[in-house]
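Before any comments, here is the structure.
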Amino acid sequence: MTKVATRFAPSPTGPLHIGGIRTALFNWLYSKNQNGKFFLRVEDTDKERSKDEYKNQIVQDLKWLGINYDGEEYIQSKKIDDHIKVANELLKNGYAYKCYCSNDEIEDQKKRAKQKKIPYIYNREWRDRKESDAPKNVKPAIRFKSKIDGSSILKDLVQGDVEIENNTIEDFIILRNDGTPTYNLSASVDDHQMNMTHIIRGDDHKINTFKQIQIYHAMKWDLPFFAHIPLIHTIEGKKLSKRDKASTLNDYSKIGIMPDALRNYLLRLGWSYKDKEIFSLEESIKYFNLEGIGKSPSKLDIRRILSINEHYIKNIEENELFDHFIEYCKLFKSEIKSNKKEKIEKSLSFLKNKAKTLQDIFNNGQYIIVDEIEFNRDDIKLIDDKAKKVISDFKSQFIKIDQPSREVLESIVNELIESHNTNFKGVGQPLRIALTGSKFGPGIYDIILSLGKEEVDKRLANKILA
RNA sequence: GGUCCCUUCGUCUAUCGGUUAGGACACAUGGUUUUCAUCCAUGAAAGAGGGGUUCGAUUCCCCUAGGGACCGCCA
């Protein structure tokens with residue numbers, strides 16, 4: 001039994017979108033589940049569009065999610081010679097031929113097909129023509145001699161048996177007229193040379209698979225298993241693309257979605273294991289299988305991502321959450337000053353209660369993070385003379401304490417409620433506004449304790465409140 | 001237009017011929033509460049349509065409809 005080997009093969013022509021990330025995740029999980037290997041192959045043969053920065057971004061994104069690949073990344077462009085060698089061998093053995101059609105001719109054929117509303121497929125003109133007919137001024141492209149008769153069956157691990165008439169697959173180009181290999185050639189040669197056992201990729205590759213299988217057969221290579229996973233759709237029901245809003249990993253990390261939460265969400269999008277919703281990393285690996293992958297495309301739902309993220313925020317260890325938060329602020333907000341870090345850490349237990357994202361924690365903890373609070377325009381209006389009196393009375397009591405505790409604060413507040421003949425809100429609200437600038441926020445005792453004696457004194461001395 | 005794939009609550013999904021069709025998110029209502037939240041309880045919410053097969057179909061088969069993917073000398 002050979003060891004399972006999978007791969008993720010993105011082209012570095014833009015940031016990964018989360019469909020691609022899910023494909024990577026499934027491949028990775030499957031290899032881990034099977035105790036196999038997982039590789040990253042960078043398909044950078046499109047020189048025009050491939051960029052190093054995108055490659056680095058992809059590597060970073062995978063790392064962020066915790067997807068680690070075995071060995072070095074495999075750079076496809078470095079293997080071009082191998083691809084060409086295979087093309088020549090196919091040519092030599094009669095599985096491919098030189099096509100002398102010019103670009104213009106092909107374009108013309110396509111245009112006409114479109115006008116007539118008939119499907120375009122290369123007319124196989126040079127499949128049987130003699131080399132001696134070749135025009136001298138045209139450099140040939142090499143086309144694969146695709147099967148014409150009968151049909152082929154793909155035994156797909158997700159979709160089951162898929163049968164297709166061979167004549168619907170054209171004689172696809174494997175070597176361009178500039179001598180460079182095309183995708184289907186490169187991908188199959190690489191997959192073979194990398195000893196891939198399972199090719200798990202998006203459903204949009206299915207036709208390619210039929211082409212690649214033919215190359216495998218012509219080269220007498222063993223076939224890997226194929227699994228075509230349904231695509232992720234936008235809310236509108238279309239294939240997700242890089243151009244869509246909120247489709248890249250960065251779109252989620254920047255609002256404070258944590259890696260584990262996104263991983264959990266992506267795992268459950270198109271895959272299920274009984275009624276289980278929350279999967280730790282270990283559980284993901286333990287339970288992941290190809291049988292659990294659904295056949296129908298699924299829509300991206302930000303509310304669900306948010307709710308899973310909320311679950312993780314509330315359930316992971318607080319020191320872990322703290323680390324995520326500090327890292328998040330560093331990357332997407334501003335670095336938290338060290339004297340504030342400690343206060344935040346102590347306050348996480350209540351700041352997280354009303355947060356779905358790290359960004360929410362950042363916002364909820366604003367009053368701790370900033371040196372000068374900003375008053376909410378509407379809320380400051382609630383500070384009338386009566387409220388100011390409450391605040392100053394609180395202040396005169398608070399000043400006497402040197403170590404605020406919940407008990408002491410409670411007794412002060414209760415006295416104030418009585419002496420001002422009001423309720424908790426009558427005391428709590430002015431104080432909250434005075435200390436945080438907003439009427440919304442954590443419990444008033446939490447606020448005071450989180451700020452500390454010195455800071456509370458300072459804020460209560462604000463002229464606006466006088 | 002051709003080929004292929006898909007179709008259970010709004011969304012993600014469970015069900016592998018016999019269930020009051022289950023769970024989660026979202027939503028609604030009520031309760032707890034110190035504002036906003038959290039939390040708890042309850043509720044509403046689904047098998048696209050039509051034919052078969054079968055004692056019995058959400059489940060198996062066919063047709064229709066709808067949706068999607070592919071149809072590059074991109075990957």
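Every chain is numbered from 1, with letters handed out A, B, ... down the list of sequences.
Taking 3.5 Å as the limit, the base of rC36(B) and the side chain of Lys354(A) contain a donor-acceptor pair of atoms between them. For rC25(B), its base never sits under 3.5 Å from the side chain of Arg303(A) at any donor and acceptor pair. One cannot find a donor-acceptor pair under 3.5 Å joining the base of rC70(B) and the side-chain atoms of Asp204(A). Side chain Arg304(A) to base rA24(B): a donor-acceptor pair is found below 3.5 Å.
Taking the P atom of each, rC70(B) and rU64(B) are spaced 24 Å apart, rounded to whole Å. For rC16(B) and rC60(B), the C1' atoms lie 12 Å apart once the distance is rounded to whole Å. For the P atom pair drawn from rG67(B) and rC61(B), the interatomic distance equals 24 Å after rounding to whole Å. Between the C1' atoms of rA57(B) and rG49(B), the separation comes to 16 Å (whole Å). Only the C1' atoms considered, rU58(B) is 28 Å distant from rU42(B), to the nearest whole Å. Going from the C1' atom of rA28(B) to that of rG10(B) covers 14 Å, rounded to whole Å. Only the P atoms considered, rU7(B) is 46 Å distant from rU32(B), to the nearest whole Å. Separation of the C1' atoms belonging to rU59(B) and rA48(B) is 16 Å when rounded to the nearest angstrom.
Side-chain N/O atoms of Arg176(A) include one lying less than 4.0 angstrom from OP1 or OP2 on rC74(B). Contact check, Thr13(A) against rC74(B): no side-chain N or O comes under 4.0 Å of OP1 or OP2. Contact annotation: Thr168(A) side-chain N/O to rG2(B) OP1/OP2 distance is not under 4.0 Å. At rU13(B), one or more side-chain N or O atoms of Ser298(A) fall inside 4.0 Å of OP1 or OP2 (strictly under the cut-off). Taking side-chain N and O atoms only, Lys295(A) has a distance below 4.0 Å to OP1 or OP2 of rC6(B).
Here His205(A) lies in heavy-atom contact (under 4.0 Å) with a base. Backbone-only engagement by Leu231(A) is indicated by non-hydrogen atom pairs under 4.0 Å involving sugar-phosphate atoms exclusively. Nucleic acid contact class of Gln76(A) (heavy atoms, under 4.0 Å, all strands): sugar-phosphate only. Gly237(A) comes within 4.0 angstrom of the backbone, heavy atoms only, and of no base. Nucleic acid contact class of Lys425(A) (heavy atoms, under 4.0 Å, all strands): none. If you check every strand for non-hydrogen atoms under 4.0 Å, Tyr445(A) touches a base. Within the 4.0 angstrom heavy-atom criterion, only backbone atoms of the sugar-phosphate kind lie near Thr45(A); the bases stay farther away. Contact annotation for Asn423(A): no contact, since no heavy-atom pair falls under 4.0 Å across all strands. As judged by a 4.0 angstrom heavy-atom cut-off over every strand, Pro230(A) is placed among residues making no nucleic acid contact. Nucleic acid contact class of Gln429(A) (heavy atoms, under 4.0 Å, all strands): none. At a threshold of 4.0 angstrom between heavy atoms, the contacts of Glu163(A) are confined to the sugar-phosphate backbone, with no base atom among them. Counting any heavy atom pair closer than 4.0 Å across all strands shown, Ile173(A) reaches a base atom. Among the protein residues, Gly270(A) comes within range of the sugar-phosphate backbone only, with heavy atoms under 4.0 Å from sugar or phosphate atoms but none that close to a base. Lys314(A) comes within contact range of the sugar-phosphate backbone alone, with a heavy-atom separation under 4.0 Å but no base atom that close.
Nucleotide rC36(B) forms a pair with no other nucleotide shown, judged by Watson-Crick or G-U wobble geometry with both contacts under 3.5 Å. Pairing for rG1(B) is with rC71(B), a Watson-Crick or G-U wobble pair whose two hydrogen-bonding atom distances lie under 3.5 Å. Figure legend. rA14(B) is base-paired to no nucleotide; pairs are counted as Watson-Crick or G-U wobble with both atom distances under 3.5 Å. Figure legend. rA65(B) is base-paired to rU7(B); pairs are counted as Watson-Crick or G-U wobble with both atom distances under 3.5 Å. Of the nucleotides present, rU42(B) is the one that pairs with rA28(B) by Watson-Crick or G-U wobble criteria, both distances under 3.5 Å. Shown here, rU19(B) forms no base pair; nothing in the strands shown gives a Watson-Crick or G-U wobble contact with both key distances under 3.5 Å.
Taking the six-membered ring for Trp and the full ring otherwise, the centers of Phe38(A) and Tyr30(A) sit at least 6.0 Å from each other.
Projected onto RNA chain B by closest heavy-atom contact, Glu170(A) and Tyr183(A) fall at different nucleotides, the more 5' of which corresponds to Glu170(A). Mapped onto RNA chain B by nearest heavy atom, Val162(A) and Asp203(A) fall at different nucleotides, with Val162(A) at the one closer to the 5' end.
In this structure, Tyr216(A) and His192(A) have perpendicular ring planes: the angle between them is above 60°, well past the 30° mark. A perpendicular orientation is assigned to the rings of Phe279(A) and Tyr273(A), their planes being inclined by more than 60° (bins at 30° and 60°).
Under the 4.0 Å criterion applied to side-chain N and carboxylate O atoms, Arg41(A) and Asp191(A) are assigned as salt-bridge partners. Comment: Lys139(A) does not engage Asp178(A) in a salt bridge, judged by the lack of any side-chain N to carboxylate O separation of less than 4.0 angstrom. Taking a cutoff of 4.0 Å between a charged side-chain nitrogen and a carboxylate oxygen, Lys55(A) and Glu73(A) qualify as a salt bridge.
Looking at the side chain of Glu277(A), the nearest of the listed nucleotides rA14(B), rC73(B), rA24(B) is rA24(B). In the set rU11(B), rC5(B), rG23(B), the nucleotide with an atom closest to the side chain of Asp301(A) is rU11(B).
No side-chain N or O of Tyr367(A) forms a donor-acceptor pair with one of Glu455(A) less than 3.5 Å apart. Residues Ser152(A) and Asn166(A) bring a donor and an acceptor atom of their side chains to less than 3.5 Å of each other.
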